[in-house]
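One structure, pasted below without further comment.
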Amino acid sequence: MKKIKFMDCSFRDGFQSCLGARVKTDDFLPALDAAVKAGINYIEIGGGARFQALYFYCQEDAFEMMDKWRETVGPDVNLQTLSRGVNVVGLSSQSTDIIQLHAKMFKKHGITTIRNFDALNDVRNLDVSGRAIAANGLKHQITITMMGLAPGLNEPYAHTPKFYEDRLNEIIKSGIPFDSLAFKDASGTSTPQTVFDTIKAARAILDKEYGVGAKEIQFHTHDTAGMAVACNWAAITAGADVIDLAMAPLSGGTCETDILTMYHRLRGTDYTLDIDPDKILKVEKVFKQCLSKYFMPPESMQVSPEIIFSPMPGGALTANTQMMRDNNCLDKYDACIEEMREVVARGGFGTSVTPVSQFYFQQAFRNAVMGKNADGSWKLDPNGYGKMVLGYFGKTPVAPDPQVVKWAQDQLQLEPTTKSVVEINDANPKLGVKYNTELLQKNNLPVTDENIFIAAACGDKGIAFLKGDKPMGIRYAADAAPKAKNDVPAAYTVTVEGKTFNVQVKEGGVITADLAGQVTEGGAAAKKAAAPAAGSGNTVDINSPFPGTVTKILVSEGDEFEAGDVIAVVEAMKMENEIKPDKAGIIREICVDVKAVVTSGQALFKVEEK
């Protein structure tokens with residue numbers, strides 16, 4: 001009987017897939033300790049979205065937490081993190097020296113193995129990162145990313161077993177050193193037959209190249225579309241040595257199959273998991289108690305058949321819905337998912353896994369919330385999807401739709417490129433160790449390798465964290481309980497007879513409604529209605545293009561600006577949108593504060609046009 005190894009993903013992907021990656025370390029350490037004592041010796045613990053989430057939402061430093069994790073599990077447990085190739089642990093790609101620093105820092109802080117993937121399966125994007133991981137004494141798990149295509153799409157090559165086989169041969173030819181190979185299906189949309197055929201071919205290739213069994217194959221999938229058990233079984237019977245699993249309450253749904261569920265599936269077959277099921281059951285009880293105070297989004301616990309049409313990764317689904325809750329626009333989720341199908345198909349079929357999954361969702365969000373241009377073109381995200389279809393993040397599996405490429409060229413004023421991402425980034429003076437060192441010095445912050453990497457990976461929010469601005473963005477179960485109407489301010493978009501209005505409920509029950517440019521107030525603690533803005537007919541509102549959070553206000557009242565000047569930044573879905581007026585003018589009133597949550601179309605400024 002063959003013993004199938006497994007990695008417990010509960011403490012990274014479980015957190016990301018079910019809780020938007022927002023969990024405090026001290027809350028789960030008892031479960032981590034219990035898992036090790038129950039015999040689990042291979043644990044995914046950090047990287048991916050969990051790196052930034054600690055700084056953005058949890059008031060924790062990732063490197064300090066890595067030290068604490070290692071102290072808890074002892075020296076022998078294989079602690080694995082997730083790296084996004086040239087993006088390492090962020091949405092933005094990095095230069096060579098930052099990619100190398102990532103491996104150095106993760107080794108220093110107790111990590112054993114790094115799983116290294118590229119969402120486009122562009123092997124060039126795995127080269128620098130893979131060599132750095134190996135050079136710093138870490139185990140390198142090189143990865144091919146998978147997904148299923150929506151029914152009805154007649155794409156003959158991308159995401160077929162032949163496509164994956166070609167990528168493996170390309171990896172071998174590149175000479176990138178690796179210890180094991182993973183196939184990662186973050187959306188859980190691959191069919192069991194594709195999984196079986198792919199891993200069977202990979203097993204034959206690896207055994208021929210390196211010797212029988214010399215390179216382990218590991219398979220990763222989610223249960224978002226209800227296919228995880230079937231796909232894990234297909235992988236095992238095709239020759240996979242290791243599968244990724246999780247523990248309740250973070251198993252199933254948007255996460256991986258439960259350890260006990262897979263153990264039960266293998267009973268009576270020629271395969272088994274080497275566990276004591278009673279011990280695992282006890283650990284799961286501890287884990288449930290550890291997480292009992294956290295708000296569990298209902299969408300994380302369910303199978304979503306629509307995911308086979310719009311492959312949203314489990315690890316991105318709840319991260320996005322949590323952000324939509326933060327910005328009071330969760331009602332737009334279904335429309336975004338509907339838009340995503342076309343966005344994926346026309347973007348070149350990159351795998352829907354971070355950062356490409358976020359590019360897909362951000363573009364779908366723009367299409368659903370901002371609408372399309374008068375000529376039918378999309379309002380392309382200039383930092384994500386738009387640059388992706390132009391080649392600035394690597395080569396897509398197949399060429400993107402030429403019409404979308406043309407829109408990107410016109411809107412971004414950029415030409416397509418075939419240069420490697422690292423080549424582009426190494427030439428960018430605003431990336432790299434030198435630039436981030438100077439950024440730390442400018443902000444009077446200590447210059448350490450850790451701080452350099454935090455600044456590079458987390459940008460302005462990383463600098464703010466190091467300066468003491470540490471926001472709390474965790475959602476607890478108590479926060480989701482119904483509250484009295486006067487307790488918490490909130491913003492809403494209300495549609496009445498086809499007309500859209502921005503409504504805010506303020507402290508004390510004051511209701512503020514923006515009606516045709518006039519702000520009126522009413523409610524339990526209503527005050528006198530606000531007077532209309534002074535002017536001679538040329539005073540206009542500058543509005544937010546979508547729901548989000550105001551992160552920067554770059555002007556003061558009375559300032560003059562020119563057409564195209566950036567006067568503010570609104571962030572939504574990790575997407576910063578610069579507010580650039582079409583005409584020159586004078587700021588007469590600033591209507592919001594930094595960190596304000598705004599609705600689509602809400603006034604940010606009142607300006608007098610020149």
Side-chain angles (χ1 to χ4, degrees), residues 4-5 7 80 82-87 113-134 138-149 155-221 231-232 234-244 311 348-353 356 393-398 420-421:
I4 300 300
K5 302 175 186 178
M7 179 171 73
Q80 180 164 304
L82 185 66
S83 173
R84 302 158 175 166
V86 291
N87 295 66
T113 303
I114 294 181
R115 173 178 289 171
N116 184 34
F117 74 90
D118 178 62
L120 298 180
N121 283 309
D122 186 337
V123 174
R124 296 175 300 172
N125 289 345
L126 300 173
D127 194 290
V128 172
S129 53
R131 295 181 193 279
I133 290 166
L138 294 140
K139 293 181 180 179
H140 178 212
Q141 185 174 89
I142 204 162
T143 305
I144 294 171
T145 57
M146 305 177 70
M147 74 174 183
L149 302 186
E155 167 49 46
Y157 179 59
H159 299 288
T160 63
K162 179 64 166 63
F163 172 78
Y164 301 133
E165 183 180 338
D166 289 347
R167 298 292 75 73
L168 176 55
N169 285 322
E170 192 176 352
I171 287 170
I172 293 170
K173 185 178 179 180
S174 73
I176 301 170
F178 66 97
D179 298 280
S180 60
L181 170 68
F183 287 95
K184 177 180 172 66
D185 181 4
S187 59
T189 52
S190 296
T191 65
Q193 190 62 53
T194 295
V195 171
F196 180 87
D197 293 343
T198 297
I199 291 182
K200 186 175 182 180
R203 180 78 278 160
I205 292 169
L206 292 176
D207 287 353
K208 181 179 179 180
E209 184 71 25
Y210 301 102
V212 176
K215 300 287 187 183
E216 286 190 336
I217 295 176
Q218 190 158 337
F219 179 66
H220 171 101
T221 193
C231 286
N232 281 333
I236 289 168
T237 55
D241 306 283
V242 191
I243 56 175
D244 288 359
F349 293 107
T351 312
S352 190
V353 61
V356 168
F393 301 124
K395 183 181 178 182
T396 54
V398 296
S420 72
V421 176

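Predicted model, so just to flag it, every value in this text is computed and none were measured.
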I'd like to check L82 versus K184 (side-chain heavy atoms, cut-off strictly below 4.5 Å). Are they in contact?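 With C-beta onward as the side chain, the pair touches.
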Correct closest heavy-atom pair for A234 and P192 would be CB-O, 3.4 Å
All heavy atoms of A158 vs all of L149, minimum pair found to be O-CD1, 3.7 Å
Note to self: Between D179 and H140 (side chain of the first, backbone of the second, donor and acceptor by atom type, cut-off under 3.5 Å), is there such a pair?
What the structure shows: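 Judged by distance alone, yes, a pair lies under 3.5 Å.
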Q.
Any salt bridge linking D244 with K5? Criterion: basic side-chain nitrogen under 4.0 Å from a carboxylate oxygen.
A.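 A salt bridge is absent here (no side-chain N lies under 4.0 Å from a carboxylate O).
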Any donor-acceptor pair under 3.5 Å linking the side-chain atoms of Y164 with those of D197? no
Practice item. Output yes when a side-chain donor or acceptor of D122 lies under 3.5 Å from a complementary backbone atom of K395, and no otherwise. Key: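 Present.
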Q.
Which residue in the set E209, K215, R167 passes side chain to side chain contact (heavy atoms under 4.5 Å, CB included) when paired with I172?
A.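 Among E209, K215, R167, the one that satisfies the side chain to side chain contact (heavy atoms under 4.5 Å, CB included) with I172 is E209.
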- Under 3.5 Å, is there a donor-acceptor pair linking the side chains of Q141 and S180? yes
### Message
Within the 4.5 Å heavy-atom criterion, are I144 and I171 side-chain neighbours or not?
### Response
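When only atoms from C-beta onward are counted, I171 and I144 do touch, with a gap below 4.5 Å.
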- Got L206 and L181 here, is their nearest side-chain heavy-atom distance under 4.5 Å? yes
Sorted by chain and residue number, the ring-ring contact (aromatic ring centres under 6.0 Å, His included) partners of F178 (sequence neighbours excluded) come out as Y210
*Within a strict 4.5 Å, meaning less than it, do heavy atoms of the V128 and V86 side chains meet?*
no
**Message:** side chain to side chain contact (heavy atoms under 4.5 Å, CB included), that's the test. Do F183 and Q218 meet it? Break it down for me.
**Reply:** CA-CA 6 Å; F183 287 95; Q218 190 158 337; over 6 Å; no
Could you pull out all residues at least two apart from D207 that satisfy salt bridge (charged side-chain N to carboxylate O under 4.0 Å, His left out)?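 Expected list: R203.
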>> Keeping T189 on the side-chain end and G148 on the backbone end, is there a donor-acceptor pair under 3.5 Å?
In response: yes
OG (S83) and CG (D118) are apart, to the nearest 0.5 Å, by 10.0 Å
message = Whether the side chain of T198 engages the backbone of V195 through a donor-acceptor N/O pair (distance < 3.5 Å, no angle test) should be reported.
response =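 Side chain of T198 to backbone of V195, a donor-acceptor pair under 3.5 Å: no, none is there.
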Taken to the nearest 0.5 Å, the spacing of F196 CZ from S190 OG works out to 15.0 Å
Notebook entry, point to check: Do the side chain of T143 and the main chain of N116 share a donor and acceptor less than 3.5 angstrom apart?
Noted result: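 Confirmed, T143 side chain pairs with N116 backbone.
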Exercise. Are the side chain of T351 and the backbone of A119 linked by a donor-acceptor contact shorter than 3.5 Å?
Worked result: yes
message: If I compare all heavy atoms of M147 with all of S352, which pair ends up nearest, and what's the gap?
response: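 What the structure gives for the nearest pair is SD-N, 3.4 Å.
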Value for CZ (R124) from OG (S174), rounded to nearest 0.5 Å, stands at 12.5 Å
Are any of the side-chain heavy atoms of V242 and F219 separated by less than 4.5 Å?
->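 V242 does not reach F219 side chain to side chain.
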Quick check: does any side chain N or O of D241 sit under 3.5 Å from a backbone N or O of I217, one acting as donor and the other as acceptor?
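Judged by distance alone, yes, a pair lies under 3.5 Å.
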Taken to the nearest 0.5 Å, the spacing of R115 CZ from R84 CZ works out to 13.5 Å
Output for pair (L138 CG, I114 CD1), nearest 0.5 Å, gives 4.5 Å
Across all chains, not counting sequence neighbours, the ring-ring contact (aromatic ring centres under 6.0 Å, His included) partners of F349 are none
TODO: First locate atom OG1 of T237, then atom NZ of K200, and finally report the distance between them rounded to the nearest 0.5 Å.
DONE: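 The NZ atom of K200 is 9.5 Å from OG1 of T237, to the nearest 0.5 Å.
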message = Within the structure provided, determine whether I205 and N169 are in side-chain contact (heavy-atom separation under 4.5 Å).
response =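 Yes, at least one pair of side-chain atoms sits under 4.5 Å.
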Q.
I need the minimum non-hydrogen distance between N121 and F163, along with the two atoms involved.
A.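 Minimum heavy-atom separation between N121 and F163: ND2-CE2, 3.8 Å.
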### Message
Do N125 and F393 make a side-chain contact, defined as non-hydrogen atoms from C-beta onward lying under 4.5 Å apart?
### Response
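Side-chain contact under 4.5 Å: no.
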Practice prompt. Answer with yes or no whether the side chains of D185 and H220 bring together a donor and an acceptor at under 3.5 Å.
Written response: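 D185 and H220 do not have a side-chain donor-acceptor pair below 3.5 Å.
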For P397 and G348, the nearest pair of non-hydrogen atoms, with its separation, is CD-O, 3.2 Å
- Task: Taking the side chain as every heavy atom from C-beta outward, state whether I176 and V123 have any pair of such atoms under 4.5 Å apart.
- Result: yes
